[in-house]
There are 2 protein chains.
Amino acid sequence: MDVVTEAEDRLDRAFMALADPVRRAIVARLSRGPATVNDLAEPFAITKQAVSKHIQVLEQAGLVSRSKDAQRRPAHLVPEALEQLTAWIDTYRLTTESSFRRLDAVLAGLDTDVTTHNTERK
Amino acid sequence: MDVVTEAEDRLDRAFMALADPVRRAIVARLSRGPATVNDLAEPFAITKQAVSKHIQVLEQAGLVSRSKDAQRRPAHLVPEALEQLTAWIDTYRLTTESSFRRLDAVLAGLDTDVTTHNTERK
DNA sequence: TCTATATTCAATCAAAAGGTTGATAAAGGA
DNA sequence: TCCTTTATCAACCTTTTGATTGAATATAGA
């Protein structure tokens with residue numbers, strides 16, 4: 001697997017992880033400090049096993065890592081992972097202004113700017 | 001449904017929408033200008049019906065909106081939606097530094113700072 | 001050692017997601 | 001009007017996801 005695909009895969013897992021409301025709540029909770037499975041399970045009407053799975057999903061996505069404290073395994077956020085997510089979004093957010101200028105050009109019938117992009121299709 | 005839940009719901013749909021690699025690729029493509037279903041379907045080994053569904057998901061998430069041009073319905077990004085996503089992430093990203101200070105305090109046995117947060121549980 | 005606490009593994013299940021094919025609708029152009 | 005293009009609707013299928021219950025593992029403490 002090449003570097004590009006690997007980076008895509010990490011994004012996949014990260015966005016996928018945050019797509020669940022329970023996991024997003026876990027992230028919000030962890031932003032105020034580390035917490036164990038028991039801590040995290042309490043606010044939700046789900047079993048601890050389910051929470052444990054959610055943490056594993058967040059962990060595999062690189063958003064969370066865990067330390068060891070006796071039989072407890074407190075989870076905490078990995079700030080770099082969240083930064084990479086905003087970086088991805090910003091990549092496409094920053095260019096939207098110019099793309100709208102291009103849209104306006106198209107609607108005005110001046111499609112030369114766009115066709116330079118369209119040549120790659122078809 | 002109250003305001004808080006509604007905002008949560010929008011986040012749900014937005015993250016869920018970006019959790020799919022095809023939809024993320026669509027967003028990337030749209031950042032370079034509006035495109036039709038046919039345009040967007042071409043790079044992928046899936047049917048146009050599938051792409052149409054993906055666009056609808058992005059649309060319901062508020063990330064994309066569509067205009068009308070004869071029988072075509074070109075899609076384009078809604079920049080504000082992406083901004084709201086980064087805003088959510090930043091909310092929890094910014095506090096991580098202080099929460100790590102708190103973690104250090106815990107590991108050092110000075111848990112007074114954390115218990116003030118823990119009182120709300122149990 | 002025996003027990004309580006914290007967490008995970010395994011098997012199972014219902015619901016949702018992503019995809020397909022086939023039929024339908026809407027708009028322009030020959 | 002007929003045909004082509006563009007897009008969507010509808011029904012269906014397969015895989016994945018989120019959750020559950022029950023058993024197992026690991027560690028601390030009496």
Side-chain angles (χ1 to χ4, degrees), chain A residues 8-9 11-27 29-30 34-61 63-76 106-107 109 111 118 121-122, chain B residues 8-9 11-27 29-30 34-61 63-76 106-107 109 111 118 121-122:
Chain A
E8 267 292 307
D9 242 48
L11 275 175
D12 257 10
R13 286 194 292 267
F15 276 115
M16 180 72 82
L18 291 181
D20 184 275
V22 171
R23 287 194 291 263
R24 261 206 327 288
I26 288 177
V27 168
R29 180 69 164 274
L30 292 180
T36 65
V37 171
N38 274 297
D39 293 335
L40 294 168
E42 218 184 322
F44 302 105
I46 56 177
T47 64
K48 296 172 183 183
Q49 287 94 325
V51 172
S52 184
K53 279 194 199 172
H54 279 306
I55 295 178
Q56 285 175 46
V57 171
L58 288 165
E59 206 178 355
Q60 286 189 323
L63 294 169
V64 155
S65 82
R66 313 185 71 177
S67 38
K68 199 172 176 181
D69 169 28
Q71 71 267 52
R72 273 161 235 99
R73 296 194 181 84
H76 61 85
V106 174
L107 295 178
D111 56 350
N118 285 358
R121 332 170 176 141
K122 172 90 158 286
Chain B
E8 268 291 306
D9 242 51
L11 275 175
D12 258 9
R13 287 193 291 267
F15 275 115
M16 180 70 84
L18 291 181
D20 184 275
V22 172
R23 287 193 292 263
R24 265 207 322 289
I26 288 176
V27 167
R29 179 70 165 272
L30 291 180
T36 66
V37 171
N38 276 297
D39 293 335
L40 295 168
E42 218 184 322
F44 302 105
I46 56 177
T47 63
K48 297 174 183 183
Q49 287 94 326
V51 172
S52 185
K53 279 193 198 176
H54 280 306
I55 296 179
Q56 284 174 48
V57 171
L58 288 164
E59 205 177 357
Q60 286 188 323
L63 294 168
V64 154
S65 82
R66 313 186 71 178
S67 39
K68 199 170 178 182
D69 170 28
Q71 71 266 51
R72 273 162 237 98
R73 294 196 182 83
H76 61 86
V106 173
L107 295 177
D111 56 352
N118 285 357
R121 332 173 178 137
K122 170 86 158 293

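In what follows, chains carry the letters A, B, and so on, assigned in the order in which the sequence lines appear, proteins first and then strands, with residues in each chain numbered from 1.
No donor-acceptor distance shorter than 3.5 angstrom exists from the side chain of A/Arg13 to the backbone of A/Leu63, with no hydrogens or angles considered. A donor-acceptor pair is defined here as one N or O able to donate and one able to accept, closer than 3.5 Å; no such pair exists between the side chain of B/Arg23 and the backbone of B/Leu18.
As rounded to whole Å, 15 Å separates atom P of D/dT16 from atom CZ of A/Arg13. Between the CD atom of B/Glu42 and the C1' atom of D/dT5 there is a distance of 15 Å, given to the nearest Å.
Using a 4.5 Å heavy-atom threshold, the side chains of B/Val37 and B/Arg66 count as touching. Taking the side chain as every heavy atom from C-beta outward, A/Asn38 and A/Arg72 never approach each other to under 4.5 Å. Looking at heavy atoms from C-beta onward, A/Lys48 lies out of side-chain contact with A/Ser52 at the 4.5 angstrom threshold.
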How would you summarise protein contacts on nucleotides 2-17 of chain C per nucleotide, using B for base, S for sugar-phosphate only and - for none, with heavy-atom distances below 4.0 Å?
---BSSBB-B------
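Residue A/Thr47 places no side-chain N or O under 4.0 Å from the OP1 or OP2 atom of D/dA19. Within the 4.0 Å cut-off from OP1 or OP2 of D/dT17, not a single side-chain nitrogen or oxygen of A/His54 is found.
Residue A/Ala45 is in sugar-phosphate contact alone, with no base atom involved, counting any heavy-atom pair closer than 4.0 Å across all strands shown.
Across the helix from C/dT1-D/dA30 to C/dA30-D/dT1, the helix axis at one end is tilted relative to the axis at the other end by 10° (nearest 10 degrees, each axis from five pairs).
Among all heavy-atom pairs drawn from B/Asp20 and B/Val22, the shortest one is OD1-N, 2.8 Å. What you find for B/Ala75 and B/Val64 is that their closest heavy atoms are CB-CG1, 3.8 Å.
Between atom CD1 of residue B/Ile55 and atom OG1 of residue B/Thr36 there is a gap of 8.0 Å, rounded to the nearest 0.5 Å.
When each of A/Lys68 and A/Ala50 is assigned the nucleotide of DNA chain D bearing its nearest heavy atom, the one mapping closer to the 5' terminus is A/Ala50.
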